[in-house]
K.L.:
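I have a structure I would like to understand better, so I am pasting it below and will then ask my questions one at a time.
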Amino acid sequence: MTTAMTPTTTRELRYREAINEALRQEMERDETVIIMGEEIAGGAGREHLGIVDAWGGPFRTTVGLIQQFGNQRVLDTPLSEAAFVGTAIGAASTGMRAVAELMFVDFVGVCMDQLLNNAAKMRYMFGGQVTVPFTMLTRIGAGFGSAAQHSESFYSIFSHIPGLKGVVPSDPYTAKGLLIAAIRDDDPVVYFEHKGLYGDMGPVPEEPYAIPLGKARTVRSGSDITLVGISRMTWVCTEAADELAKEGVNAEVIDLLSVSPIDYDLIIDSVRRTHRLVVVDEDTPVCSLASDICARVAEEAFDYLDAPPSRVTAPHTPVPYSRPLENVYVPNAARVVGTVQRLVKRG
Amino acid sequence: MTTAMTPTTTRELRYREAINEALRQEMERDETVIIMGEEIAGGAGREHLGIVDAWGGPFRTTVGLIQQFGNQRVLDTPLSEAAFVGTAIGAASTGMRAVAELMFVDFVGVCMDQLLNNAAKMRYMFGGQVTVPFTMLTRIGAGFGSAAQHSESFYSIFSHIPGLKGVVPSDPYTAKGLLIAAIRDDDPVVYFEHKGLYGDMGPVPEEPYAIPLGKARTVRSGSDITLVGISRMTWVCTEAADELAKEGVNAEVIDLLSVSPIDYDLIIDSVRRTHRLVVVDEDTPVCSLASDICARVAEEAFDYLDAPPSRVTAPHTPVPYSRPLENVYVPNAARVVGTVQRLVKRG
Amino acid sequence: MELDREMLLHLYRTMTTIRHFEERGIPETGQRGMSGSVHSSAGQEAVPTGICAHLTVDDYIGSTHRGHGHCIAKGVDPKLMMAELFGRSTGPNKGKGGSMHIADMSKGMLGTNGVVAASIPLAVGAGLTSKLRNLGRVAVAFFGDGGANQGVLHECMNLASVWKLPVIFCCENNGYAESTPVEYALSTARVADRAAGYDMPGIHVDGMDVFDVFEAAGEAVRRARSGEGPSLLECRTYRYYGHTVFDNPLSYRTQEEQDYWRNRDPLKLFRERVADGGLVSLTELDQMDEEATEMMEDAIRFADESPLPEPLEIYDDVYVDYPKDMMKRGINLEV
Amino acid sequence: MELDREMLLHLYRTMTTIRHFEERGIPETGQRGMSGSVHSSAGQEAVPTGICAHLTVDDYIGSTHRGHGHCIAKGVDPKLMMAELFGRSTGPNKGKGGSMHIADMSKGMLGTNGVVAASIPLAVGAGLTSKLRNLGRVAVAFFGDGGANQGVLHECMNLASVWKLPVIFCCENNGYAESTPVEYALSTARVADRAAGYDMPGIHVDGMDVFDVFEAAGEAVRRARSGEGPSLLECRTYRYYGHTVFDNPLSYRTQEEQDYWRNRDPLKLFRERVADGGLVSLTELDQMDEEATEMMEDAIRFADESPLPEPLEIYDDVYVDYPKDMMKRGINLEV
Ligand SMILES: Cc1ncc(C[n+]2csc(CCOP(=O)(O)OP(=O)(O)O)c2C)c(N)n1
Ligand SMILES: Cc1ncc(C[n+]2csc(CCOP(=O)(O)OP(=O)(O)O)c2C)c(N)n1
Ligand SMILES: [Mg+2]
Ligand SMILES: [Mg+2]
């Protein structure tokens with residue numbers, strides 16, 4: 001799965017630290033890599049007061065970078081996403097490998113035009129004259145009492161737009177490997193960090209390694225049903241799989257990892273063996289990734305399906321604030337189990 | 001299908017004229033209806049030179065309105081979509097029925113935040129305290145040599161976002177009835193005009209009438225396969241159906257009309273009879289409306305399907321400029337026929 | 001400036017209510033596990049207070065993520081706000097919104113807003129409604145020094161100026177956008193400098209001094225109400241705490257700076273200013289502080305005793321009219 | 001201002017080449033059924049010419065929907081541009097872009113752009129590259145009077161000023177955004193007035209006079225190159241034709257106005273100004289006009305003789321690296 005040499009040293013890191021390490025190693029490797037965004041260092045312009053790296057990123061994923069690479073490669077920005085995302089795209093088109101951070105994906109509407117009409121289309125419109133090695137870091141995920149404008153998992157739009165790629169790392173290992181791959185990639189890539197995973201620990205090789213974009217992975221093998229998880233939902237799937245195992249239902253769990261390109265092949269191969277599919281998606285249902293995967297499977301594995309390809313998603317509502325509401329908003333293992341039971345019962 | 005009295009007078013109008021008539025009649029009916037956008041009158045501020053309604057809208061859908069209703073209800077705007085779309089949403093939240101025009105849907109990225117975070121979510125976030133009777137007119141459609149930034153059919157995102165509704169009128173009759181419904185509706189509605197339909201003629205009742213949002217219509221009955229068309233693709237479906245009829249394949253054609261809510265019921269009822277489905281969508285394929293409808297049908301009509309629910313869409317590319325490329329970009333009857341033939345052949 | 005006794009009392013009461021709401025309500029919210037995105041406006045009380053003192057209940061305001069002060073100054077009941085922060089059904093938003101989305105349409109309060117600068121066009125739209133319907137209302141768009149660099153503000157200043165709308169663009173310049181100092185992020189010395197590019201007055205006032213704010217706002221509101229168009233009013237102020245409850249502000253600013261501004265506390269300045277005037281006594285102000293203390297205890301009790309929403313209320317109020325079965329289709333939240 | 005003979009010839013040659021491209025190429029494009037979104041810059045030649053005369057091939061420009069002049073002034077070959085307009089494989093964009101997306105990265109031409117103001121951040125990004133890599137290059141962001149009201153411009157002026165980037169914001173104020181007069185849509189008398197809000201010089205020049213443009217641009221480019229930061233340069237100009245080929249401009253402006261501006265034609269003004277100087281003769285200029293005429297005939301011939309793209313090239317260049325079978329999945333364009 002990695003393109004690098006077999007790693008020699010592996011430690012436990014948090015998801016947050018794995019992101020940080022990937023940024024650091026890529027900036028060490030290639031001096032054209034720059035990163036910009038709001039508070040990625042923090043306290044900008046106060047070096048004379050001894051204030052450097054005051055914040056280290058809103059979720060501390062960029063901590064330490066300004067100290068190592070200086071404020072010409074780690075750039076705090078004014079609160080102007082259209083300007084700095086567009087600027088990063090412009091820099092990427094002229095020789096930099098530019099990383100920009102959009103604090104929450106919910107805010108994408110203020111800079112969407114730059115992503116849709118410049119990043120995604122420039123290479124095509126220009127007949128291949130330009131490469132845009134641009135990575136946008138952003139955050140998804142509900143469950144933190146942050147209400148409708150800070151909790152979305154708005155990635156389907158990025159799958160939809162030709163010219164963009166997207167990844168959804170689900171643990172420290174994939175967080176590092178996919179970020180390195182994203183930065184090295186010559187196409188624009190949106191990298192979705194999940195707020196609920198920052199503290200998760202897991203083994204991460206010390207050496208830089210890239211996980212190929214567009215490849216999903218099987219995190220649990222099974223024969224009765226294929227569960228596809230996206231980002232944190234992968235762990236909702238494994239939790240459901242544990243439950244189901246107790247009832248004798250053997251679920252295979254696939255971690256999508258990339259939202260563009262989507263690894264339909266791995267999913268279809270799995271469904272051909274399990275004959276059943278549930279996609280678990282934290283986003284809302286209509287025109288979702290879950291829909292897309294179900295449609296593709298229905299189209300290409302039709303004769304192998306013993307039950308309707310099914311979805312467990314958030315409901316078609318904005319994200320509510322109050323706990324009892326937000327608790328039911330986010331898909332959970334019980335809902336996955338319930339759905340699987342219905343499908344398995346069909347025989 | 002109409003909610004009004006049986007119409008007494010019906011004339012032939014063009015799609016463009018039907019839109020204009022709907023706007024005029026709603027503005028006559030309700031003095032809180034206002035409309036704003038770029039060039040919707042044209043030559044703003046030049047009344048003293050005898051210049052009024054210089055443009056009448058970029059596609060002349062708003063012609064004459066400023067002369068009848070004055071420049072306080074028909075407002076030419078500076079080139080500032082985030083401002084005027086947001087302003088229209090704010091006006092709608094405080095007592096107006098506000099219509100705003102976004103010249104081409106490709107530009108939605110400059111005002112997306114106002115749609116996503118205000119229009120779509122306010123009512124929900126505010127616990128139902130506010131209604132937002134806001135209609136956004138915009139345009140879709142490729143085939144006119146306008147290249148990647150003026151040709152998209154970017155509606156799936158509006159189906160995806162909870163809190164928004166959307167309609168895709170396909171002829172003069174539905175253009176008028178859906179626009180009246182959209183304006184009267186107390187929720188935000190995006191109204192997609194197709195550039196390729198403006199000149200089309202068809203019967204339109206003189207009286208105001210509303211076509212219910214969220215209802216598709218069957219434009220041709222058939223028993224062998226269900227074709228679902230979106231906007232202009234409806235007529236690509238009927239053209240394909242004519243071809244198929246020659247081969248003895250009897251296609252039912254459904255015109256989607258609403259992209260949110262989606263009338264899954266009508267489609268599923270049809271597929272239960274025909275056992276086959278092809279959705280024809282001018283948008284690109286991933287996380288598209290076509291995917292969504294196929295997924296829903298696969299989920300809810302699984303046992304009725306004799307063949308994989310299938311899609312004919314634009315490819316996963318931006319819209320190219322040169323004719324030979326743009327010609328293959330837009331789905332056509334031949335591709336629909338080819339797809340149907342493959343499905344029917346399965347037996 | 002001459003202010004009558006009633007206005008003086010109103011100004012102080014509003015400020016102390018805001019202060020008490022922030023000091024008491026925010027930690028209590030945190031203790032209920034809902035602290036994620038709550039932003040204290042302690043220190044900034046003079047701005048909403050001085051401005052909203054010129055507004056009636058029919059006028060409009062659009063607010064920010066740091067909006068408790070705006071709500072209170074515009075007349076929203078702190079008890080209901082507390083319930084909203086606690087996620088209760090009795091909140092004005094029925095618990096669906098929380099701190100970053102408190103709205104009270106009956107008070108012309110168009111919502112606190114979690115996207116920086118996003119409520120500005122809503123206020124402009126309310127101003128348009130007022131103008132078109134001849135309602136004589138004004139609309140105030142609040143935003144921060146960070147928000148001053150968002151494009152939508154500029155589009156809105158241009159639009160409101162072209163249409164001569166009754167709008168006041170009010171920048172609460174508290175020196176920081178999260179950890180980013182305004183002197184780094186703003187290319188000009190003052191946000192108010194930008195007004196000239198939109199043919200509107202640009203006024204810079206001491207946002208710790210409610211009298212200064214009150215006076216400048218009076219002129220901007222007069223201008224708006226009389227049809228002369230929008231103004232840009234920049235109020236230099238300071239927030240006492242971190243951006244949210246999570247950060248330590250000393251990581252990006254100095255103790256000296258904090259002390260300087262604390263020493264210019266708006267309530268303190270008010271007391272100093274009125275001490276010799278004889279119109280109100282410090283004892284009366286103490287009394288109001290105590291009332292505010294009690295009000296918050298009541299509010300907390302009210303909120304705690306209020307019901308939480310039922311889980312399936314999640315489907316309510318997405319739309320006015322939408323087939324519920326459509327919304328629930330394929331979704332089973334009751335498992 | 002003293003210009004040498006070579007520069008004078010260069011300025012005129014550039015202007016007449018642009019003029020001839022517009023006058024000849026646009027109708028020919030229309031005759032080939034590709035007229036939808038082609039915007040003539042006839043009348044505005046002095047602006048890109050005066051500005052790009054200060055640039056080397058390594059400097060960058062970001063352009064607009066009305067960008068033929070920018071391309072030519074930056075050194076893009078009109079023959080290749082014509083091929084692009086005709087949708088031919090030999091165009092710099094291989095026929096994928098057309099008039100609104102002509103790019104030539106080998107000339108630092110970052111693309112004409114169909115979304116108003118959208119190329120501004122691209123130019124800022126190019127300026128950032130130059131600064132970070134110490135390349136000594138400058139970047140010019142062209143936009144119109146309509147574009148001046150887009151939020152992204154303001155965000156970019158602020159950002160470029162904060163980072164002191166080598167950028168020139170060049171507003172081609174031709175009086176209209178489609179049919180909307182600038183005096184209606186712009187809340188201030190001059191776009192250049194807005195520079196003060198971003199701590200940069202705001203210069204307003206006669207955009208019909210290439211010498212005036214050249215002089216002001218010289219200072220802005222010097223400033224940018226020497227690390228002093230961005231400038232805003234507004235050039236008052238005029239387009240002779242409709243917004244596109246479809247509209248009749250007399251529906252929103254007067255014949256008198258058109259006559260006034262036609263009488264200030266940039267090529268004519270140039271001829272008047274150099275007539276007595278003795279450095280170049282009018283015969284030489286006539287000669288260049290003729291060369292431009294011939295160049296366009298050549299270009300048309302070249303374009304017509306060039307192949308059209310093959311239909312399946314539709315899949316090329318969406319990405320550098322993407323599984324083609326993924327892109328074609330479920331799509332059969334060969335039926
Ligand atoms: C468009 C957008 N970008 C980023 C954020 C994240 N964010 C929330 S508040 C804030 C700083 C706002 O600063 P300012 O406008 O000065 O308001 P203050 O917090 O000082 O009251 C940021 C960056 C956001 N909410 N919206
Ligand atoms: C964001 C956006 N909104 C609207 C349009 C449609 N449009 C194309 S050109 C134009 C007018 C542009 O005016 P200006 O910036 O003055 O440039 P000019 O055409 O005068 O050169 C408009 C409204 C667009 N392309 N992009
Ligand atoms: Mg601030
Ligand atoms: Mg113009």
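In the text below, chain A, chain B and the rest are named by the order of the sequence lines, each starting its count at 1.
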K.L.:
Measure from the side-chain N and O atoms of C:Y184 to the backbone N and O of A:D76, and report whether any donor-acceptor pair falls under 3.5 Å.
P.N.:
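Checked: pair present.
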K.L.:
With side-chain contact (heavy atoms from CB on, under 4.5 Å) as the criterion, how do A:R335 and C:I331 come out once you've worked through the C-alpha distance, each side chain's angles and the decisive distance to 0.1 Å?
P.N.:
CA-CA 9 Å; A:R335 282 177 57 203; C:I331 309 273; 3.7 Å; yes
K.L.:
C:R253 versus chain A, heavy atoms under 4.5 Å apart: side chain, backbone, both or neither?
P.N.:
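It is both, since atoms from each part get that close.
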K.L.:
Please report the interatomic distance CZ(A:F104) to OG(C:S37), rounded to the nearest 0.5 Å.
P.N.:
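Answer for the CZ-OG pair, A:F104 versus C:S37, is 6.5 Å.
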K.L.:
Using atom types as modelled and distance alone, determine if a side-chain donor or acceptor of A:R323 lies under 3.5 Å from a backbone N or O of C:G33.
P.N.:
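Present.
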K.L.:
Sub-3.5 Å donor-acceptor pair from the side chain of A:S322 to the main-chain atoms of C:P309, do we have one?
P.N.:
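No, because the side chain of A:S322 does not come within donor-acceptor range (under 3.5 Å) of the backbone of C:P309.
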K.L.:
Does either side chain, that of C:T180 or that of A:E39, offer a donor lying less than 3.5 Å from an acceptor on the other one?
P.N.:
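Yes - a donor-acceptor pair under 3.5 Å links their side chains.
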K.L.:
Please classify the contact between A:Y329 and chain C as side chain, backbone, both or neither, with a heavy-atom cut-off of under 4.5 Å.
P.N.:
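Contact with chain C is through both the backbone and side chain of A:Y329.
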K.L.:
Residue by residue, which of residues 45-55 of chain A have a heavy atom closer than 4.5 Å to a heavy atom belonging to chain C?
P.N.:
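So far as heavy atoms go, A:G45, A:R46, A:L49, A:I51, A:A54, A:W55 are the residues that approach chain C to under 4.5 Å.
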K.L.:
Please rank C:L312, C:N113, C:L250, C:V152 by heavy-atom pairs under 4.5 Å with chain A and give me the top one.
P.N.:
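Going by pairs under 4.5 Å, I would pick C:N113.
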K.L.:
Only pairs of heavy atoms separated by less than 4.5 Å count here; which of A:S310, A:S80, A:A314, A:A82 has the most with chain C?
P.N.:
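Ranked by heavy-atom pairs under 4.5 Å with chain C, first place is A:S80.
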K.L.:
To the closest 0.5 Å, what do you measure between OH (A:Y321) and CD1 (C:I102)?
P.N.:
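With rounding to 0.5 Å, OH (A:Y321) is 8.5 Å from CD1 (C:I102).
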K.L.:
Examine whether an atom of C:E257 lies under 4.5 Å from a heavy atom of chain A, and if so say whether it belongs to the side chain, the backbone or both; otherwise answer neither.
P.N.:
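The side chain, not the backbone.
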K.L.:
Which answer fits A:A41, side chain, backbone, both or neither, if we ask what part of it has an atom under 4.5 Å from a heavy atom of chain C?
P.N.:
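No part of it gets close to chain C.
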K.L.:
Measure distances from A:A44 to the heavy atoms of chain C and classify the residue's part below 4.5 Å as side chain, backbone, both or neither.
P.N.:
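Both backbone and side chain.
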K.L.:
Could you tell me which portion of A:E326 (side chain, backbone, both or neither) has an atom closer than 4.5 angstrom to a non-hydrogen atom of chain C?
P.N.:
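Neither the backbone nor the side chain of A:E326 comes within 4.5 Å of chain C.
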K.L.:
Given the rule in the side-chain contact (heavy atoms from CB on, under 4.5 Å) test, do C:N332 and A:T339 qualify, once you have shown the distances and angles that lead to the verdict?
P.N.:
CA-CA 9 Å; C:N332 187 355; A:T339 303; over 6 Å; no
K.L.:
Begin from the C-alpha positions of C:H101 and A:Q149 and carry the test side-chain contact (heavy atoms from CB on, under 4.5 Å) through to its verdict.
P.N.:
CA-CA 9 Å; C:H101 309 304; A:Q149 295 176 337; 3.0 Å; yes
K.L.:
A side-chain contact here means heavy atoms from C-beta on lying under 4.5 Å apart; do C:M100 and A:H150 qualify?
P.N.:
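The answer is yes, as the side chains (C-beta and beyond) meet within the 4.5 Å cut-off.
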K.L.:
Any idea which of C:E310, C:E313, C:K96 has the most non-hydrogen atom pairs under 4.5 angstrom with chain A?
P.N.:
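It is C:K96.
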K.L.:
What part of C:E183 gets closer than 4.5 Å to chain A, counting heavy atoms only: side chain, backbone, both or neither?
P.N.:
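Only the side chain of C:E183 comes within 4.5 Å of chain A.
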K.L.:
Compare every heavy atom of C:S179 with every heavy atom of A:G42, then report the nearest pair and how far apart it is.
P.N.:
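It is CA-OG, 3.0 Å.
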K.L.:
For chain A, which of C:G87, C:P181, C:A177 has the most heavy-atom pairs under 4.5 Å?
P.N.:
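Answer, by heavy-atom pair count under 4.5 Å with chain A: C:P181.
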K.L.:
Which answer fits A:P315, side chain, backbone, both or neither, if we ask what part of it has an atom under 4.5 Å from a heavy atom of chain C?
P.N.:
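Both the backbone and the side chain of A:P315 come within 4.5 Å of chain C.
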K.L.:
Can you confirm whether or not the ring centre of C:Y322 sits under 6.0 Å from the ring centre of A:H316?
P.N.:
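Close enough - the centres of the two rings lie under 6.0 Å apart.
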K.L.:
Need one label for A:V286: side chain, backbone, both or neither, based on atoms under 4.5 Å from any heavy atom in chain C.
P.N.:
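For A:V286, there is no contact with chain C at all, as no heavy atom is under 4.5 Å.
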K.L.:
What residues form a salt bridge (charged side-chain N to carboxylate O under 4.0 Å, His left out) with C:R190, not counting sequence neighbours?
P.N.:
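With neighbours one apart ignored, the set is empty.
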K.L.:
Under a 4.5 Å heavy-atom cut-off, does chain A meet the side chain of C:N93, its backbone, both or neither?
P.N.:
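Contact with chain A involves no heavy atom of C:N93 at all.
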K.L.:
Under 4.5 Å, counting heavy-atom pairs only, tell me which of C:V318, C:L308, C:I314 racks up the most with chain A.
P.N.:
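Ranked by contacts with chain A, first place is C:I314.
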K.L.:
Quick check for you: among C:K94, C:M326, C:M327, C:R329, which has the greatest number of heavy-atom pairs under 4.5 Å with chain A?
P.N.:
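Answer, by heavy-atom pair count under 4.5 Å with chain A: C:M327.
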K.L.:
For C:V116, is it the side chain, the backbone, both or neither that has a heavy atom under 4.5 Å from a heavy atom of chain A?
P.N.:
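Just the side chain, heavy atoms under 4.5 Å.
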K.L.:
Report yes if some heavy atom in the side chain of A:N327 is under 4.5 Å from a heavy atom in the side chain of C:P311; otherwise report no.
P.N.:
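The answer is no, as the side chains (C-beta and beyond) never meet within the 4.5 Å cut-off.
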K.L.:
Looking at chain A, which one of C:G95, C:S99, C:G91 has the largest number of heavy-atom pairs inside 4.5 Å, strictly under?
P.N.:
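Most pairs with chain A among the choices: C:G95.
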K.L.:
Tell me whether C:Q150 contacts the main-chain N or O of A:L79 through its side chain, where contact means a donor paired with an acceptor under 3.5 Å.
P.N.:
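Side chain of C:Q150 to backbone of A:L79, a donor-acceptor pair under 3.5 Å: yes, one is there.
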